[in-house]
2 protein chains.
Amino acid sequence: MPLDTVFAALGDPTRRAILAMLLEDDMAVTDVADPFEMSLAAISKHLQVLTAAGLVSQEKRGRVKWCKLEPDAMREASIWMQSFGQFEAVNLDDFERFLATELQDDASELSSD
Amino acid sequence: MPLDTVFAALGDPTRRAILAMLLEDDMAVTDVADPFEMSLAAISKHLQVLTAAGLVSQEKRGRVKWCKLEPDAMREASIWMQSFGQFEAVNLDDFERFLATELQDDASELSSD
DNA sequence: CCGATATTCAACCATTTGGTTGACGTTTGG
DNA sequence: CCAAACGTCAACCAAATGGTTGAATATCGG
């Protein structure tokens, strides 16, 4: 389930900090790692987790791998949360129906997969 | 950081399912555990994780411990996510429409209770 | 009071996670 | 061509996670 990987990825403060950095601009792996007090390999792993969750995409140009934020990957998770946060006692059946059509729309957008 | 525990708690499908169940009504621990194919102790642990994250509160009355959804605990995490997503108006519009009908349904249900 | 019910605790286990280090393959610039 | 920079891989480690069982603790109903 994508919600699993997305929420799990966001559960780590280092990874959230990385996402916040990428909000400003695309970055090379080395530059992402720079402000952190841990090894480059550790950051590389964090980026792999974020990429697996779809929250970051990576493109290699020359010897530099550029990291790009992919905020759309948060959509489903955000919708899921909003159903709780803002609306108490929502009808679950109706909500699941709503979510199903929402996600269908997503799927049709991702036709290249 | 509360975001750590909230996101981590939401990263597990069993725990998300529990929250969805509590969306409908407060429940005793045993009743929460019922639909799952795992031990009561395992569910008890999951509820502890959710409680530690503030997503659920538990109140013991007699020998029964009642579990209550605390959606406010998602607020900070939800806001954090939305700061990334300029999520499409599409889904928000649909969601608001969904909500409008939801509240209508709720209102009509209340009259029959 | 007694047995059943509700829940947690404790010990244990396998797997995952988050980190390290050092070696490795590419690409680049001089 | 060669050294330096970029990034991953592999092996390893400690700690956390998610699950199991069985015993323990309250509390209820009769």
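Sequence lines set the chain letters: A, B, ... in the order given, protein chains first and strands last, and positions in each chain run from 1. Computed over heavy atoms, backbone and side chain alike; hydrogens, waters and symmetry mates excluded.
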Whole-Å gap separating [atom2] ([N]) and [atom1] ([X]):
| X | N | atom1 | atom2 | answer |
| --- | --- | --- | --- | --- |
| Asp4(B) | dA16(D) | CG | P | 13 Å |
| Trp66(A) | dA5(D) | CH2 | C1' | 14 Å |
| Gln58(A) | dC6(D) | CD | P | 16 Å |
| Glu59(A) | dT8(D) | CD | P | 14 Å |
| Leu40(B) | dA24(D) | CG | P | 18 Å |
| Met27(A) | dG7(D) | CE | P | 11 Å |
| Asp12(B) | dG18(D) | CG | P | 5 Å |
| Phe7(A) | dT17(D) | CZ | C1' | 19 Å |

For [N] and [X] - does any side-chain N or O of the residue sit under 4.0 Å from the phosphate oxygens OP1/OP2?
| X | N | answer |
| --- | --- | --- |
| Ser44(A) | dT8(D) | yes |
| Ser39(B) | dT20(D) | yes |
| Lys65(A) | dT8(D) | yes |

Please tell me which of the listed nucleotides, [options], lies nearest to the side chain of [X]?
| X | options | value |
| --- | --- | --- |
| Val29(B) | dT20(D), dA26(D), dT7(C) | dT7(C) |
| Arg15(A) | dG18(C), dG18(D), dC9(D) | dG18(C) |
| Met38(B) | dC6(D), dT20(D), dG19(C) | dT20(D) |

Practice task
On DNA chain C, check which nucleotide each of Glu37(A) and Val64(B) is closest to and give me the residue with the more 5' one.
Solution key: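 Residue closer to the 5' terminus by nearest nucleotide: Val64(B).
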message: Taking the side chain as everything from C-beta on, heavy atoms only, tell me whether Trp66(B) gets closer than 4.5 Å to Gln58(B).
response: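 With C-beta onward as the side chain, the pair stays apart.
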Any side-chain heavy atom of Thr5(B) within less than 4.5 Å of one from Leu55(B)? no
Item to check | Sugar-phosphate only, base, or nothing, as touched by Arg61(B) at under 4.0 Å among non-hydrogen atoms | outcome: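 Contact class for Arg61(B): none.
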ask   = Within the structure shown, what part of the strands sits under 4.0 Å from Ala28(A) by heavy-atom distance: base, sugar-phosphate, or nothing?
value = sugar-phosphate
Please give me the minimum heavy-atom distance between Ser83(B) and Leu23(A), naming the atom from each residue.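 Taking every non-hydrogen atom into account, O-CD2, 4.3 Å.
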* Asked: If you look at every heavy atom in Phe7(A) and Ala77(A), which pair is closest and at what distance?
  ->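 Looking at all heavy atoms of both residues, the shortest contact is CZ-CB, 3.7 Å.
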> Is there a donor and acceptor pair closer than 3.5 Å between the side chain of Lys45(A) and the base of dG19(C)?
Replying inline: yes
(Q) Whether the side chain of Arg63(A) and the base of dT26(C) hold a donor-acceptor pair under 3.5 Å is what I'd like checked. (A) no
Check: Does the side-chain contact (heavy atoms from CB on, under 4.5 Å) test come out yes or no for His46(A) and Met38(A), once each step is laid out?
Finding: CA-CA 11 Å; His46(A) 280 305; Met38(A) 69 180 73; 4.1 Å; yes
